[in-house]
Amino acid sequence: MRLRPSTTADEPALRALWAVAFTDAPDLPALYARDAGRHPRTLVAAGDDGGIDAVVHWQPRPIRNPAGGVDTVGCVGSVASAPRARGRGLIRRLLALTVDDMTRHGCAWSLMFSGTPGVYTGSGWETFAAPYLRGVAGPEAAWGDRRVRPAAPADLPGMVATHAAWNSNRPLTTVRSAADWAHRFPHWYAPPTRILVTEEGDYVVLRPDTGEVVELALGPGRPYALPALLRAATRELGGPGTVVTLHVPIDAALTRAVGAVLADLSTGHTTFGLARPIQSDRARVRATITAPGAIHWPADAF
């Protein structure tokens, strides 16, 4: 068994491995292929037969911190092991090489998301909570609002500007590039996900299949935008009486505004996120992932 960076010749074997490991994400290789520097940062366990038994891919991403700056963060994804290779510690060994690699590249810390966090906590990653709001759509969810409509390609510049302003000082958010908007945003928010906008570029991203709002961006000086977007979103999600979950920044003002549209509002949290110091100390990493209003939008996943 050899642990090494991947090569172009490994890509068919990687696609085959991911097809087994991620049956709910068949288009993952397409997003992976857009990482121009992927091969040196894709670490594999290669068997004597030339097959790939395990893989860890990471990439540097610019993520905001609570001090108003931007950290280079080593974001880990596409982790998989072949059924025949499980229980042999291959992922743990690849993660150790990944940490060495991220250290050489000057990463401040590392971020990943997983439904099986126990795989990673033994290698130094710690889980953190991501809060959400949940409420019940009231009668006004049946109303239409002419100021909100489905997004069209021509709306993208306004959405980009609104997103940048809305998140300019928000910890844990990614500084999106033009390529992120062109490829990552539509990849993660493909149908059945829907995007609703106002003429000014305020927008909301919702999942009708799960009853969730997964992204929101509001411009300054437009107090009508949030209630208009939420009423339109809850109408799309099922109308009056529908339970709606909002993965949005949690602060007092936003919570009050949401509570004016959704009844029986409550808070909860998920624990899919994991973080690990690389060149930062643990306290600084915790300050980012637990900062008030901190959020990592799904469209910035890796």
Side-chain angles (χ1 to χ4, degrees), residues 24-25 27-28 30-31 61 63-64 113 130-135 137 141 144-145 147-168 170 172-220 222 224-239 242-251 254-255 257-258 261-262 268-270 272-273 293-302:
D24 58 343
D27 51 355
L28 183 147
L31 185 62
R61 301 282 287 160
I63 293 181
R64 296 177 178 91
F113 294 89
Y132 60 78
L133 297 172
R134 180 170 289 158
D145 194 315
R147 294 170 296 190
V148 179
R149 55 174 172 74
D155 294 309
L156 187 61
M159 293 168 56
V160 170
T162 299
H163 175 87
W166 174 245
N167 294 288
S168 61
R170 192 178 305 286
L172 200 54
T173 57
T174 299
V175 181
R176 285 184 187 163
S177 66
D180 291 332
W181 281 100
H183 305 298
R184 199 177 298 271
F185 187 88
H187 173 92
W188 290 115
Y189 294 158
T193 304
R194 300 202 62 194
I195 304 168
L196 305 177
V197 297
T198 67
E199 290 295 332
E200 294 90 347
D202 315 282
Y203 70 89
V204 63
V205 183
L206 54 109
R207 290 282 312 262
D209 55 330
T210 60
E212 295 175 293
V213 169
V214 296
E215 184 165 321
L216 178 72
L218 305 169
R222 296 195 284 271
Y224 81 86
L226 180 61
L229 285 167
L230 286 183
R231 281 195 293 269
T234 54
R235 186 183 185 191
E236 294 280 338
L237 292 174
T242 301
V243 176
V244 180
T245 301
L246 299 96
H247 300 278
V248 295
I250 305 297
D251 61 46
L254 188 63
T255 300
V258 172
V261 177
L262 300 179
H269 68 272
T270 63
F272 298 122
I295 192 166
H296 190 272
W297 302 111
D300 299 312
F302 23 84

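In this text the structure is predicted, and so the values were computed from the model without any measurement.
Among residues two or more places apart in sequence or in another chain, the salt bridge (Lys or Arg N to Asp or Glu O under 4.0 Å) test is passed with Glu199 by Arg149. By the ring pair (Phe, Tyr, Trp, His ring centres under 6.0 Å) test, His247 pairs with Tyr132, sequence neighbours left out. With sequence neighbours left out, Arg61 forms a salt bridge (Lys or Arg N to Asp or Glu O under 4.0 Å) with Asp180. Every residue meeting the ring pair (Phe, Tyr, Trp, His ring centres under 6.0 Å) condition with Phe185, not counting sequence neighbours, appears here in chain and number order: Trp181, Tyr189.
Nearest heavy-atom pair across Ala141 and Gly239 is CB-C, 3.9 Å. Closest non-hydrogen pair, Pro249 versus Trp297, comes out as CD-CH2, 3.6 Å. Considering all non-hydrogen atoms of both residues, Ala301 and Arg184 come closest at O-NH1, 2.7 Å. In terms of heavy atoms, Pro150 sits closest to Asp155 at O-OD2, 4.2 Å. The shortest heavy-atom contact between Ala154 and Pro157 is O-CD, 3.5 Å. Shortest non-hydrogen contact noted between Ala225 and Leu218 is CB-CD2, 4.2 Å.
A donor-acceptor contact shorter than 3.5 Å links the side chain of Thr162 to the backbone of Gly201. Side-chain atoms of Arg64 come within 3.5 Å of backbone N or O of Asn167 as a donor-acceptor pair. Judged purely by atom type and a 3.5 angstrom limit, Arg207 has no side-chain atom pairing as donor or acceptor with the backbone of Pro192. Side-chain atoms of Asp27 do not come within 3.5 Å of backbone N or O of Ala30 as any donor-acceptor pair.
Remark: Arg170 qualifies as a cation-pi partner of Trp166 under the 6.0 Å distance and 45° angle criteria applied to the six-membered ring.
Here salt bridge (charged side-chain N to carboxylate O under 4.0 Å, His left out) pairs that include residues 293-302, with residues two or more places apart or in two chains, are Arg176-Asp300.
Using a 4.5 Å heavy-atom threshold, the side chains of Leu246 and Leu216 count as separate. Taking 4.5 Å as the limit, every side-chain heavy atom of Leu206 sits out of range of all side-chain heavy atoms of Val244.
Going from atom CG of Asp202 over to atom CZ of Arg222 covers 4.0 Å, rounded to the nearest 0.5 Å. To the nearest 0.5 angstrom, Thr173 atom OG1 is 8.5 Å from Ile63 atom CD1. In this structure, the separation between CG on Leu156 and NE2 on His163 is 11.5 Å, given to the nearest 0.5 Å.
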Under 3.5 Å donor-acceptor pairs involving side-chain atoms of residues 228-235, not counting sequence neighbours:
residue, atom, partner, partner atom, Å
Thr234, OG1, Leu230, O, 2.9
Thr234, OG1, Arg231, O, 3.0

Test side chain to side chain contact (heavy atoms under 4.5 Å, CB included) on Leu226 and Leu254 and set out the steps.
CA-CA 9 Å; Leu226 180 61; Leu254 188 63; 3.4 Å; yes

Could you walk me through whether Thr193 and Trp188 pass the side chain to side chain contact (heavy atoms under 4.5 Å, CB included) test, one step at a time?
CA-CA 9 Å; Thr193 304; Trp188 290 115; over 6 Å; no

List the steps and the verdict of side chain to side chain contact (heavy atoms under 4.5 Å, CB included) for Val205 and Ile195.
CA-CA 5 Å; Val205 183; Ile195 304 168; 4.1 Å; yes

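No donor-acceptor contact under 3.5 angstrom links the side chains of Arg147 and Thr198, judged on distance only.
At most 12 non-hydrogen atoms from other residues, nucleotides or ligands lie less than 6.0 angstrom from CZ of Phe272.
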